[in-house]
Trainee: 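Shown below is the structure under consideration.
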Amino acid sequence: MPTRPIRTRFAPSPTGLLHVGGARTALFNWLYARKHAGTFVLRVEDTDHSRNTEEAKQIIIDGLHWLGLEWDEGPQKGGSYGPYYQSERHSIYEEYLKRLEKGGHLYEEKGAIRFRSPREKVIVEDLICGKIEFDLTNPGTHPDMTLRRPDGSWIFHFVNVVDDIEMQISHVIRGEDHLSNTPKHLELYKALGTEPPLFAHTPLILNRDGSKMSKRDLGANLGTYPQEGYVPEAVRNYLSLLGWSPKDNREILDTAEVIQLFELHNINRRSAAFDVDKCFWMNGQYLLHMDLARYTELALPFLEKAGITWESWEMLERVLSIVKPKIKSLPDLPDWVRCFFSDDFPYDEAAVAKNLSHPDAKNRLEALAEALLLLNPWEATPIEARLKETASRLGVKAGELVHPARVAVSGRSVGAGLYEMFEILGREKTIKRLLAGTH
RNA sequence: GGCGCGUUCGUCUAGUGGUUAGGACACAGCCCUCUCAAGGCUGGCGCACGGGUUCGACUCCCGUACGCGCUACCA
């Protein structure tokens with residue numbers, strides 16, 4: 001078989017959302033193209049007019065952008081094999097239909113154009129599933145497929161094959177839901193006298209309980225990921241491990257590594273269940289290890305949405321730097337940092353009841369405030385030392401000072417390291433809140 | 001119903017005839033510790049079932065069950 005340039009494609013139809021399964025299919029196509037210095041094509045299969053809206057198309061484009069899967073040819077990008085919307089390719093389909101017509105492969109039935117199956121056994125050589133034989137000899141079980149409806153609109157199987165031929169696609173990497181369609185597609189390639197692409201059918205993504213993932217199921221809609229605080233590089237990593245594995249027990253892999261290790265034949269044949277917990281964990285790992293600049297960039301929308309404002313970028317970064325190691329998800333951020341940017345933050349009732357209602361709380365916090373009044377320099381380490389001195393002078397454990405202090409200063413019983421919080425908050429506010437917290 | 005694909009801890013997976021069946025998430029306990037995380041350690045949890053083949057099956061074959069997909073003038 002002559003080798004041809006590697007060209008893969010993602011061919012979604014605009015349904016109004018980018019399904020996580022589709023996103024993974026796109027990822028695999030993108031990975032394969034990148035690994036082999038090939039071309040990744042985005043083609044929008046918008047033959048169904050009722051679903052073909054601008055918003056629906058934009059959702060696909062936004063989703064792929066967010067995941068970082070840049071296409072080399074397609075909408076907004078162009079290329080020599082366009083147009084990349086099926087709705088704009090009528091004349092091409094007409095041409096191919098004529099070719100089939102000339103070959104005597106077509107007939108008309110109630111205004112619809114149908115393809116007369118040669119009624120043969122068809123072998124699919126799949127890069128993932130292996131060799132599979134389909135028996136299409138019985139018209140009762142495998143009726144001839146329709147290519148065009150009476151109203152002139154096209155059927156998926158036909159345009160999909162035509163476009164893959166026209167766009168010189170070398171590898172069709174798609175969901176396993178198309179495996180049973182493949183022999184029909186092969187009939188079309190043969191009738192058209194064209195060498196078919198290589199096929200690789202990836203198993204589907206299911207819910208945790210093994211049921212199929214519909215658009216409303218948890219994690220199914222990629223469009224919800226950004227607002228839930230997922231970061232693209234983490235999701236890319238997680239998705240690449242759904243059905244594929246580097247086989248060396250490693251899981252945190254950056255994209256460059258995945259590209260290097262990725263092999264179609266290493267893709268599992270069994271379907272994978274989407275595990276939100278693990279995706280969340282992996283996201284946390286990325287959040288934990290990423291640099292502060294990137295973290296800040298990702299944090300911004302969440303802070304803005306919560307109405308938090310900051311006086312200086314430096315202050316913002318200082319706050320984020322002490323909270324970052326402690327927090328697992330971006331949407332939690334506002335509650336953790338509000339007390340640094342405003343005096344108007346809520347006091348958690350349970351925390352107050354537990355830590356500030358002690359009869360000695362007032363005296364202890366006053367003692368602490370006094371001890372810190374003239375501390376110099378105002379930094380975490382000396383603050384810690386001074387707090388511990390105060391605790392022992394009072395004859396209590398450090399925790400009995402720490403916990404009430406944290407609530408007095410932040411309104412909450414959980415948060416960043418207390419001494420760092422004091423340092424960043426500044427002496428004036430710290431002392432003021434220590435004293436106010438006892439009233 | 002027919003056809004196709006699949007079945008290793010709850011989940012993602014490693015494993016390709018001989019392993020105490022390994023790792024990760026989640027879960028439990030412990031350590032660390034100012035809370036929360038992170039990290040470390042420990043623990044419980046698995047080869048769907050039944051037949052073969054073989055000296056020996058998680059690994060190979062057949063069947064059953066179950067799951068998913070296709071079976072459209074959806075994509």
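Values in this document were obtained by computation on a predicted structure and should not be read as measured data. Just so we're on the same page: letters track the sequence lines, and every chain starts at 1.
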Trainee: Given U11(B), A24(B), A75(B), which nucleotide is nearest the side-chain atoms of Asp275(A)?
Mentor: U11(B)
Trainee: Tell me: CD1 of Ile252(A) to C1' of C12(B), nearest whole Å?
Mentor: 13 Å
Trainee: When the distance from CG of Asp248(A) to C1' of A14(B) is rounded to whole Å, what number comes out?
Mentor: 10 Å
Trainee: Across all strands, who's sitting opposite C45(B) as a Watson-Crick or G-U wobble pair, both distances under 3.5 Å?
Mentor: none
Trainee: Please report the distance, rounded to the nearest Å, between CZ in Arg236(A) and C1' in C12(B).
Mentor: 20 Å
Trainee: Under 30°, 30 to 60°, or over 60°: which ring-plane class applies to Phe274(A) and Tyr238(A), parallel, tilted or perpendicular?
Mentor: perpendicular
Trainee: Cut-off 3.5 Å, side chains only: do Thr146(A) and Arg114(A) have a donor facing an acceptor?
Mentor: yes
Trainee: Take atom CZ of Arg148(A) and atom C1' of A72(B), then tell me their distance rounded to the nearest Å.
Mentor: 18 Å
Trainee: Within the structure shown, what part of the strands sits under 4.0 Å from Pro143(A) by heavy-atom distance: base, sugar-phosphate, or nothing?
Mentor: sugar-phosphate
Trainee: What is the pairing partner of A57(B), taking Watson-Crick or G-U wobble pairs with both distances under 3.5 Å in any strand?
Mentor: none
Trainee: Could you tell me the separation between the CG atom of Asp163(A) and the P atom of A75(B), rounded to a whole number of Å?
Mentor: 13 Å
Trainee: Going by purine N1 to pyrimidine N3 plus the second Watson-Crick contact, or the G-U wobble pair, all under 3.5 Å, which nucleotide sits opposite A24(B)?
Mentor: U11(B)
Trainee: Checking base pairs now: Watson-Crick or wobble, both atom distances under 3.5 Å. What partners G50(B)?
Mentor: C62(B)
Trainee: So, is Arg270(A) close to the C12(B) phosphate, meaning a side-chain N or O under 4.0 Å from OP1 or OP2?
Mentor: yes
Trainee: How many whole angstroms separate atom CZ of Arg174(A) from atom C1' of C74(B)?
Mentor: 15 Å
Trainee: Suppose we define a pair by two distances each less than 3.5 Å, Watson-Crick or G-U wobble; what does U16(B) pair with here?
Mentor: none
Trainee: Sub-3.5 Å donor-acceptor pair from the side chain of Lys35(A) to the main-chain atoms of Gln260(A), do we have one?
Mentor: yes
Trainee: Tell me whether the rings of Phe345(A) and Tyr347(A) are parallel (<30°), tilted (30 to 60°) or perpendicular (>60°).
Mentor: tilted
Trainee: Using whole Å, what does the distance between atom P of nucleotide A14(B) and atom CG of Leu242(A) come to?
Mentor: 12 Å
Trainee: According to the interplanar angle, ranging from 0 to 90°, do the rings of Phe262(A) and Trp244(A) count as parallel (below 30°), tilted (30 to 60°) or perpendicular (above 60°)?
Mentor: tilted
Trainee: Look at the side chain of Lys247(A) against the base of A14(B) and say whether a donor-acceptor pair falls under 3.5 Å; ignore hydrogens and angles.
Mentor: no
Trainee: Quick one: is Ser13(A) getting a side-chain N or O under 4.0 Å of the A75(B) phosphate, OP1 or OP2?
Mentor: no
Trainee: Of the options Tyr93(A), Tyr96(A), Tyr81(A), which is the one that meets Glu166(A) in a side chain to side chain donor-acceptor pair (under 3.5 Å)?
Mentor: Tyr96(A)
Trainee: For atom C1', what is the distance between U16(B) and C58(B), given to the nearest Å?
Mentor: 10 Å
Trainee: Could you identify the nucleotide paired to G67(B), looking across every strand shown and requiring Watson-Crick or G-U wobble geometry with both distances under 3.5 Å?
Mentor: C5(B)
Trainee: If the C1' atom of C27(B) is compared with that of G44(B), how far apart are they to the nearest Å?
Mentor: 9 Å
Trainee: Expressed as a whole number of Å, how far does the C1' atom of C47(B) sit from that of A57(B)?
Mentor: 11 Å
Trainee: Expressed as a whole number of Å, how far does the P atom of C62(B) sit from that of G6(B)?
Mentor: 12 Å
Trainee: Are Arg174(A) and Thr202(A) close enough, and set up right, to give a side chain to side chain contact (heavy atoms under 4.5 Å, CB included), and what steps lead you there?
Mentor: CA-CA 6 Å; Arg174(A) 55 171 27 162; Thr202(A) 73; over 6 Å; no
Trainee: Taking the P atom in each of A24(B) and C41(B), what is the distance between them to the nearest angstrom?
Mentor: 9 Å
Trainee: Donor-acceptor pair, Lys190(A) side chain versus His185(A) backbone, under 3.5 Å?
Mentor: no
Trainee: Does any residue of residues 119-140 of chain A have a heavy atom under 4.0 Å from RNA chain B, and if so, which ones, in number order?
Mentor: Ile132(A), Phe134(A)
Trainee: Which letter, B, S or -, goes with each nucleotide of nucleotides 60-70 of chain B from 5' to 3', with contact meaning a protein heavy atom under 4.0 Å?
Mentor: -------SSBS
Trainee: Arg43(A) side chain N/O closer than 4.0 Å to the phosphate oxygens (OP1, OP2) of A75(B)?
Mentor: no
Trainee: Using the ring of each side chain (for Trp, its six-membered ring), is Tyr32(A) parallel, tilted or perpendicular to His171(A), with breaks at 30° and 60°?
Mentor: tilted
Trainee: Does A75(B) pair with anything, Watson-Crick or G-U wobble, both distances under 3.5 Å, and if so, with which nucleotide?
Mentor: none
Trainee: Nearest of G6(B), G23(B), C73(B) to any side-chain atom of Arg269(A)?
Mentor: G6(B)
Trainee: Does atom CD (Glu349(A)) have a neighbourhood of more than 12 heavy atoms from anything else shown, all under 6.0 Å?
Mentor: no
Trainee: Consider side chain to side chain donor-acceptor pair (under 3.5 Å). Of Arg116(A), His105(A), Arg119(A), Lys184(A), which one does Asp144(A) pass it with?
Mentor: Arg119(A)
Trainee: For the C1' atoms, the ones on U19(B) and on U8(B), what distance do you get once it is rounded to whole angstrom?
Mentor: 14 Å
Trainee: Can you tell me the base-pairing partner of A38(B)? Count Watson-Crick or G-U wobble geometry only, both distances below 3.5 Å, and say none if there is no partner.
Mentor: none
Trainee: Between Trp244(A) and Phe156(A), which has a closest nucleotide on RNA chain B that is more 5'?
Mentor: Trp244(A)
Trainee: If you measure from the C1' atom in U13(B) to the same atom in A21(B), how many Å do you get, rounded?
Mentor: 13 Å
Trainee: Could you measure between the two C1' atoms, the one in G46(B) and the one in A26(B), and give it in whole Å?
Mentor: 15 Å
Trainee: Just the rounded figure in Å: distance from C1' of C25(B) to OH of Tyr286(A).
Mentor: 15 Å
Trainee: Side chains of Ser153(A) and Arg149(A): donor-acceptor distance under 3.5 Å anywhere?
Mentor: yes
Trainee: Would you indicate whether the side-chain heavy atoms of Met315(A) and Ile424(A) approach each other to under 4.5 Å?
Mentor: yes
Trainee: Which part of the nucleic acid does Glu45(A) contact within heavy-atom distance under 4.0 Å: base, sugar-phosphate only, or nothing?
Mentor: sugar-phosphate
Trainee: Classify the ring geometry between Trp378(A) and Phe422(A) as parallel (under 30°), tilted (30 to 60°) or perpendicular (over 60°).
Mentor: parallel
Trainee: Would you mind classifying the nucleic acid contact of Asn268(A) as base, sugar-phosphate or nothing, using non-hydrogen atoms under 4.0 angstrom?
Mentor: sugar-phosphate
Trainee: Return a single string for nucleotides 28-42 of chain B, one symbol per nucleotide in 5' to 3' order, where B is base contact, S is sugar-phosphate-only contact and - is none, cutoff 4.0 angstrom on heavy atoms.
Mentor: ------BBBBSS---
Trainee: Are any non-hydrogen side-chain atoms of Asn160(A) and Arg43(A) less than 4.5 angstrom apart?
Mentor: yes
Trainee: Tell me whether the OP1 or OP2 atom of C73(B) has a side-chain N or O from Arg114(A) closer than 4.0 Å.
Mentor: yes
